[in-house]
Structure formats: structure tokens, C-alpha cells
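First the proteins, then the strands, lettered A, B, ... as listed; each starts at 1.
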Amino acid sequence: GESVGLHLPTLSVQEGDNSIINCAYSNSASDYFIWYKQESGKGPQFIIDIRSNMDKRQGQRVTVLLNKTVKHLSLQIAATQPGDSAVYFCAEIVGGSNYKLTFGKGTLLTVNP
Amino acid sequence: GAVVSQHPSWVICKSGTSVKIECRSLDFQATTMFWYRQFPKQSLMLMATSNEGSKATYEQGVEKDKFLINHASLTLSTLTVTSAHPEDSSFYICSARGQVYGYTFGSGTRLTVV
């Protein structure tokens, strides 16, 4: 049978639509969060970051929202393009832990032209 | 911007042999380097953290005698997979943390053990 744990959550959108990718984190002591994009066979690429004393940060076409109450992060991509198709990971850092960067499960975003 | 060079990008080795993967920060000094392993359709799993000139700190469940990490300088860390077996086949990724640019990732190494 199929093991759910081995498959990434997926999100499929039409080109030009806005995408929202969600991430739940577990450590309430995490004080810094980063979103990464990973294309097949490559290393993660930095998209945007946010510190725990903020609840929103905007970049070019991307916005990260942080809700510490429910330990939830989201990445919003405006006007999604085919080149945005990739796996997106949130990562968290707990200060004082030698700054270890721990990754969430990831979401596969597919943009249909 | 910061660049991390990781070599080789792919390697095929016979079961029982050892493989060394290099990670270099090209234009900055990395105070800390991290090694990750990633299986298909899964997330990056942190294997170990290394600081220049000191022993690496391994995550729970990662065999330090099998995955040897050397961080001899502020710009170079190596991961050696010793006595590799097919179950060690994976995508290995390094990350270097500098003072200015934060975390920069290498392009990864695809290891296939046959």
C-alpha cells in the first residue's frame, strides 16, 4: 500500500493565480524562519525570511506570514509563473542551538500554463 | 553574493568503498557548515553540524563512524561516506553559514551505491 509519509503535499495552480503554501512548525522557541525553493536535483534556494518578532514580510512577488500563536507560516506567491514550479520548504532556527536549520516537510508546487 | 561549491555533483561507487564529498565557501568564511541528506520526495534531514577546527556534532541516529566530517578550514568541509552500501544512496547537500550572508547551500551530490 501507499505510505502517505513518503509523498510531498502538492499544490497545483494556473499561471497568473496567486499561490499560498502553508507550513506548521513545532518548536515555540524558534526565532527565525526561512522559505526555500528547491528545483529537481539542485540545492535549496533562499526566497524570503522572517524573524519571530514580525508577523509579515514582503519581497518581490512573495509575502511570508507568521502566526506564532498557532505556530504557522505561509508563503504567498503573487501571479505565479511556470518558473515557480518547484518544491518549497519552510525552515526554522532555534537560537543557541548552534543555529541549526531544520526543514519542514515541503510542498510541491506545479504551475499549469 | 555568497557561493558554496559542492563536488562532485554525482558519484557512483561500489558497495564497500568510501566516497568523499567536498563543500567549499568560495567568497566568504563559513563559521559553521551543515550536512543534510535527502531521499526522493522527502525533506532535507540534518545529519551533522561542524565548526572549523572542532569535532562535528551529529544528529540522533546518524552514525559518526560511517559519515566522517572534517572541517579543517573556514572555507572547506568534507563528508566521507565510509563502507558505502546501497541504502546510503541519497542526495547529500551541504550548507555554509557566514556572518553576512546567512545560510548558503551547495548544489548537492547524488550518491549511488551499486
Side-chain angles (χ1 to χ4, degrees), chain A residues 2-11 21-27 30-51 57 59 64 73 75 85-110, chain B residues 1-10 21 23-25 30-52 54-60 62 69 71 90-112:
Chain A
E2 185 175 285
S3 175
V4 172
L6 290 177
H7 295 276
L8 294 169
T10 58
L11 174 65
I21 299 170
N22 297 302
C23 177
Y25 64 95
S26 56
N27 194 336
S30 294
D31 53 13
Y32 181 50
F33 303 88
I34 308 175
W35 278 100
Y36 286 95
K37 173 186 180 182
Q38 186 182 29
E39 295 173 312
S40 181
K42 297 183 180 179
Q45 177 185 359
F46 175 90
I47 300 174
I48 192 168
D49 59 357
I50 189 169
R51 296 202 174 275
R57 190 160 189 229
V64 55
L73 271 172
L75 175 70
S85 295
V87 178
Y88 289 81
F89 293 98
C90 65
E92 61 186 297
I93 296 165
V94 177
S97 65
N98 207 8
Y99 298 95
K100 291 193 298 185
L101 191 61
T102 305
F103 282 76
K105 291 183 180 178
T107 297
L108 173 62
L109 173 66
T110 302
Chain B
V3 176
V4 170
S5 174
Q6 185 174 342
H7 290 284
S9 56
W10 61 271
I21 302 169
C23 181
R24 292 181 184 271
S25 56
T31 52
T32 308
M33 287 193 176
F34 305 88
W35 286 96
Y36 294 83
R37 180 168 54 181
Q38 185 178 33
F39 293 107
K41 299 189 187 299
Q42 294 191 29
S43 186
L44 284 76
M45 185 191 78
L46 181 64
M47 299 174 67
T49 302
S50 71
N51 293 298
E52 182 261 341
S54 59
K55 289 184 179 180
T57 302
Y58 290 81
E59 294 299 301
Q60 192 173 7
V62 178
I69 291 172
H71 193 163
S90 189
F91 192 54
Y92 292 86
I93 307 171
C94 69
S95 174
R97 178 176 173 267
Q99 296 286 1
V100 175
Y101 295 109
Y103 300 81
T104 304
F105 284 82
S107 53
T109 298
R110 173 76 58 196
L111 170 64
T112 303

task: Check each atom of B:Gln38 against the heavy atoms of chain A and say whether the ones under 4.5 Å are side chain, backbone, both or neither.
output: side chain
statement: Checked B:Phe39, B:Trp10, B:Phe91 vs chain A; the most non-hydrogen pairs under 4.5 Å come from B:Phe91
field: Contacting moiety of A:Leu108, where chain B heavy atoms sit under 4.5 Å
entry: neither
task: Over all heavy atoms of both residues, which pair between A:Gln38 and B:Leu44 is shortest? Give the atoms and the distance, please.
output: OE1-CD1, 4.0 Å
query: Ring centroid separation for B:Phe105 and A:Phe103, is it under 6.0 angstrom?
result: yes
Main-chain N/O of A:Gly104 paired to B:Ser43 side chain as donor or acceptor, under 3.5 Å: yes
message: So, taking the atom named CG in B:Leu46 and the one named CG in A:Leu101, what distance separates them when rounded to the nearest 0.5 Å?
response: 8.5 Å
message: If you apply the rule side chain to side chain contact (heavy atoms under 4.5 Å, CB included), what do you find for B:Thr32 with A:Tyr99, and how did you get there?
response: CA-CA 9 Å; B:Thr32 308; A:Tyr99 298 95; over 6 Å; no
- prompt: What part of B:Tyr36 gets closer than 4.5 Å to chain A, counting heavy atoms only: side chain, backbone, both or neither?
  reply: side chain
- prompt: Taking all atoms of both residues into account, what is the closest heavy-atom pair of A:Leu8 and B:Lys41, and its distance?
  reply: CG-O, 3.3 Å
Which of A:Gly106, A:Gly41, A:Ser40 touches chain B most, by non-hydrogen pairs under 4.5 Å: A:Gly41
- prompt: Which bit of A:Gln45 is near chain B, if near means a heavy-atom gap under 4.5 Å: side chain, backbone, both or neither?
  reply: neither
message: For chain A, which candidate among B:Ser107, B:Ser95, B:Gly106 shows the most heavy-atom pairs at distances under 4.5 Å?
response: B:Ser107
- prompt: In terms of heavy-atom proximity below 4.5 Å to chain B, should A:Phe89 be classed as side chain, backbone, both, or neither?
  reply: side chain
